[in-house]
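Heads up, the thing below is written out as structure tokens.
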There are 2 protein chains.
Amino acid sequence: MVTIEDVARAAGVSRQTVSRVINRGPNVKAEVRQRVEALVEALGYVPNLSARRMGGGRSFLILAVNDRARTLENWRAGRGNDWVDQMLYGGMTECERHGYHLVFELIDTGADVAVRQLANVIGALRPDGVILTPPHSENDALVALLDQRAIPCARIGYRGQGAHIDVYMDERRAAREITEHLLALGHRRLGFIAGTPSYGASRARIEGFRGAITSAGLPDDAGFVRNGDFKFETAAGIVAEALAQDPAPTAIIADNDEMAFAVLHVADREGVRVPDTLSVVSFEDTPGVRFSVPPLSAIRQPTAAMIEKACERLIAAASGEASAGCYELPYLYLERASIGPGPP
Amino acid sequence: MVTIEDVARAAGVSRQTVSRVINRGPNVKAEVRQRVEALVEALGYVPNLSARRMGGGRSFLILAVNDRARTLENWRAGRGNDWVDQMLYGGMTECERHGYHLVFELIDTGADVAVRQLANVIGALRPDGVILTPPHSENDALVALLDQRAIPCARIGYRGQGAHIDVYMDERRAAREITEHLLALGHRRLGFIAGTPSYGASRARIEGFRGAITSAGLPDDAGFVRNGDFKFETAAGIVAEALAQDPAPTAIIADNDEMAFAVLHVADREGVRVPDTLSVVSFEDTPGVRFSVPPLSAIRQPTAAMIEKACERLIAAASGEASAGCYELPYLYLERASIGPGPP
DNA sequence: ATCGGAAATGTGAGCGTTCACAATGACGGT
DNA sequence: ACCGTCATTGTGAACGCTCACATTTCCGAT
């Protein structure tokens with residue numbers, strides 16, 4: 001393999017000058033820079049990342065951390081992992097732009113285990129930045145560890161005090177807006193099937209849902225909230241019960257696609273037409289929703305964009321820029337056939 | 001950060017002895033080994049991968065290469081990327097088991113570009129092994145580059161001469177078996193909507209499909225083949241035309257889910273009931289198929305298992321074991337409601 | 001011509017490992 | 001007690017880069 005020394009020799013300069021050229025450092029004569037660049041190209045020289053890291057302390061690696069249980073569960077269930085997929089998309093694209101590489105790892109949820117596992121990974125890899133996704137983004141012990149090791153950290157789906165890089169969307173506003181949208185369509189009896197309360201975004205959405213109902217001057221029982229667990233079966237039970245009420249809800253918001261599918265399924269079984277007598281909206285928008293019958297309207301987290309932003313800020317941080325801050329990204333609302341006007 | 005030297009000092013041994021312990025080398029007294037291991041744990045020592053790579057030539061990195069166009073297209077279309085997702089699952093799980101890390105990269109399709117891009121990535125990362133997925137697994141220039149750099153390489157979905165690590169499933173047999181299954185159900189008029197002919201697996205499946213028809217003693221026109229492009233629209237056109245034939249096919253096999261969805265869509269539009277008068281099978285099985293109406297029967301590539309196997313063999317190769325060879329993995333056939341008996 | 005200072009370039013050291021080899025220790029056989 | 005052998009441990013050097021600093025070159029002002 002050709003090293004920096006080979007290029008230096010060929011160009012008749014010292015390795016440090018070649019190093020300056022690669023790193024776009026100042027104080028290199030234009031003529032020399034060109035000559036070196038040509039040689040780099042001609043010899044096919046590619047700087048060795050390990051050596052760069054040894055010499056200069058930068059690894060050109062960004063570590064993206066996901067929750068093991070949640071990720072594996074999706075995989076094992078054959079359910080796919082759109083979140084992971086979107087992360088990869090946003091992360092890789094941005095990393096590539098800056099000559100960085102993305103390494104994806106899973107760590108467990110428990111506080112102690114998580115810290116130990118993260119310590120191991122950053123010890124081995126020495127990434128220039130770490131992306132924490134829910135629920136790890138809410139784990140202060142992990143953030144403390146990274147702070148102590150002076151590794152910049154970006155939290156996804158979490159809004160802190162501005163001392164770190166926080167990238168998120170406004171879950172509450174999204175829930176509020178979609179609820180207002182349904183109210184404007186004439187719905188007066190709404191249901192929200194939430195996920196587990198431990199899920200921060202879920203709590204925020206419930207707030208938004210309730211807020212919209214209250215602000216519209218409607219009685220509290222115009223909108224009911226039930227906690228599911230993101231699973232089909234549980235949600236199906238909740239839906240069956242809800243549809244049996246009198247008056248029955250004319251619109252249901254589900255916290256994720258699987259539960260929204262349960263709504264469609266039960267509605268079909270009970271002879272309730274969607275969207276004619278029941279409107280359905282989901283808070284996830286995995287690829288499958290386009291093929292459900294009818295296709296689901298959904299609010300989608302800007303996952304790829306969030307990870308892209310996180311990478312961008314982390315790389316900036318590694319380059320010495322000040323980059324902490326709170327970055328709110330807009331969500332997408334994708335209206336499809338599962339939503340329609342309320343009762344006359 | 002604590003280094004090997006710190007551990008050595010604390011244990012009262014030399015760094016080389018600590019190195020032997022970490023690498024499970026021979027010739028270390030049990031008592032010393034224990035003492036060192038305890039200290040490693042106590043001090044939280046984690047070997048620095050960059051330094052390891054500098055000293056010993058091993059990077060503990062596996063590089064997984066995917067096709068950029070195909071991957072990005074899926075992402076941009078909001079279609080998700082089950083393949084990538086499955087790769088990650090199988091790859092990470094296996095890498096983690098051996099203290100390895102998986103790095104995922106995209107490269108373009110053209111021969112020259114691909115070689116240049118791969119050269120850049122392996123130059124920077126110096127991975128201990130590279131996984132090539134279709135269509136790169138069929139690109140000899142890439143394999144030659146890796147051979148020249150002495151980096152072990154695993155090809156997914158391709159069967160070579162045994163000089164490399166090839167991991168694949170028998171596409172032809174899968175197609176043959178599903179066709180035979182349809183014939184056994186009484187279908188006598190079958191259609192195969194293939195992808196683009198440049199896709200090797202697609203060609204193999206066509207062979208299997210035709211083989212089954214012929215072996216059953218049926219005339220060639222009992223099974224027709226049409227080339228689509230994996231896209232909904234094109235497939236929809238093909239299906240509309242096919243269903244208008246007399247006699248119309250009673251079973252259609254599609255090369256991927258999107259085209260299978262097109263079959264369902266057109267059938268519904270034309271008033272053809274699935275599975276009553278038309279059976280549908282897909283060759284992909286992304287998560288969404290479970291939610292289609294009716295759910296699609298499908299043959300699924302053992303993607304995660306293939307990548308897992310590839311990683312396992314690559315890591316073995318990096319550890320000095322002989323590991324080249326051809327590894328055929330079993331596919332899965334998932335029968336769902338889209339398939340039924342043929343006409344009486 | 002001379003000098004000062006900035007721009008351009010070069011030099012030694014060090015990053016944390018492993019390698020190849022050297023040195024020491026232990027143990028059994030004579 | 002002594003030697004050979006093997007097991008165990010230690011020692012420089014090297015890997016390919018960047019850092020901090022030293023040196024040289026250049027240019028305009030005196």
Side-chain angles (χ1 to χ4, degrees), chain A residues 1-37 39-40 43-61 99 122-126 128 149-150 318-320, chain B residues 1-37 39-40 43-61 99 122-126 128 149-150 318-320:
Chain A
M1 281 301 307
V2 24
T3 74
I4 202 173
E5 205 75 52
D6 299 325
V7 178
R9 216 180 351 257
V13 297
S14 72
R15 49 189 194 327
Q16 183 58 28
T17 300
V18 177
S19 175
R20 286 191 184 100
V21 172
I22 315 171
N23 295 296
R24 309 188 192 299
N27 301 342
V28 181
K29 240 194 295 189
E31 180 252 324
V32 175
R33 161 161 284 138
Q34 280 187 338
R35 184 151 42 96
V36 171
E37 274 168 351
L39 248 3
V40 164
L43 300 178
Y45 167 67
V46 181
N48 180 329
L49 243 48
S50 297
R52 275 183 118 171
R53 148 78 228 180
M54 289 305 290
R58 284 181 74 174
S59 63
F60 295 88
L61 253 34
I122 63 179
L125 255 25
R126 310 290 164 104
D128 290 347
R149 297 275 222 283
S319 312
Chain B
M1 282 301 306
V2 26
T3 75
I4 200 173
E5 205 74 52
D6 299 326
V7 179
R9 213 177 356 252
V13 297
S14 72
R15 51 187 195 313
Q16 184 59 26
T17 299
V18 178
S19 177
R20 285 190 185 100
V21 172
I22 313 171
N23 295 297
R24 308 188 192 296
N27 301 342
V28 181
K29 239 193 300 190
E31 180 252 322
V32 174
R33 161 161 284 138
Q34 280 187 338
R35 185 152 40 97
V36 170
E37 274 168 350
L39 249 2
V40 164
L43 300 178
Y45 167 67
V46 181
N48 179 330
L49 244 47
S50 298
R52 276 184 119 170
R53 148 78 229 181
M54 289 304 291
R58 283 181 76 173
S59 64
F60 296 88
L61 254 32
I122 63 179
L125 255 25
R126 310 292 166 101
D128 290 347
R149 297 277 222 285
S319 312

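In what follows, every chain begins at residue 1, and chains take the letters A, B, ... in the order their sequences are listed.
Atom CZ of B:Arg53 is separated from atom P of C:dG16 by 18 Å (rounded to the nearest Å). For B:Asn48 and C:dG14, the CG to C1' distance is 14 Å, given to the nearest whole Å. Across the protein-nucleic acid pair, B:Ile4 atom CD1 and C:dC15 atom P stand 14 Å apart, rounded to whole Å. Rounded to whole Å, the distance from NZ on A:Lys29 to C1' on C:dA8 is 7 Å. For A:Leu125 and C:dG16, the CG to C1' distance is 15 Å, given to the nearest whole Å. Distance, A:Arg35 CZ to C:dT9 C1': 12 Å, rounded to whole Å. Atom CD of A:Gln16 is separated from atom P of C:dG10 by 10 Å (rounded to the nearest Å). Atom P of nucleotide C:dT18 and atom CZ of B:Arg15 are separated by 10 Å, given to the nearest angstrom.
Note that CD1 of A:Ile22 is 11.0 Å distant from OG1 of A:Thr17, once rounded to the nearest 0.5 Å. Atom CG of A:Leu43 is separated from atom OG1 of A:Thr3 by 10.0 Å, given to the nearest 0.5 angstrom. The CZ atom of A:Arg53 sits 10.5 Å away from the CG atom of B:Leu49 when rounded to the nearest 0.5 Å.
Here the closest heavy-atom approach between residue B:Arg126 and residue B:Ser59 is recorded as O-OG, 2.7 Å.
On the nucleic acid side, DNA chain D has its first and last nucleotide under 4.0 Å of a heavy atom of chain B at D:dA7 to D:dG16, going 5' to 3'.
Among the heavy atoms of the strands, none lies under 4.0 Å from B:Pro26. Within 4.0 Å of A:Gly56, counting heavy atoms only, lie sugar-phosphate atoms of the nucleic acid but no base atom.
Summary for the helix from C:dA1-D:dT30 to C:dT30-D:dA1: the axes at its two ends, each from 5 pairs, differ by 50° when rounded to the nearest 10 degrees.
Looking only at side-chain heavy atoms (C-beta outward), A:Ser50 and B:Arg52 stay at 4.5 Å or farther from each other.
A salt bridge is absent between A:Arg9 and A:Glu5: the closest approach of a Lys/Arg side-chain nitrogen to an acidic carboxylate oxygen does not fall below 4.0 angstrom.
In this model, the phosphate group of C:dA7 is not approached by any side-chain N or O of A:Asn27 to a distance below 4.0 Å at OP1 or OP2.
For A:Arg20, the listed nucleotide lying nearest its side chain is C:dG10; candidates were C:dT11, C:dG10, C:dT17.
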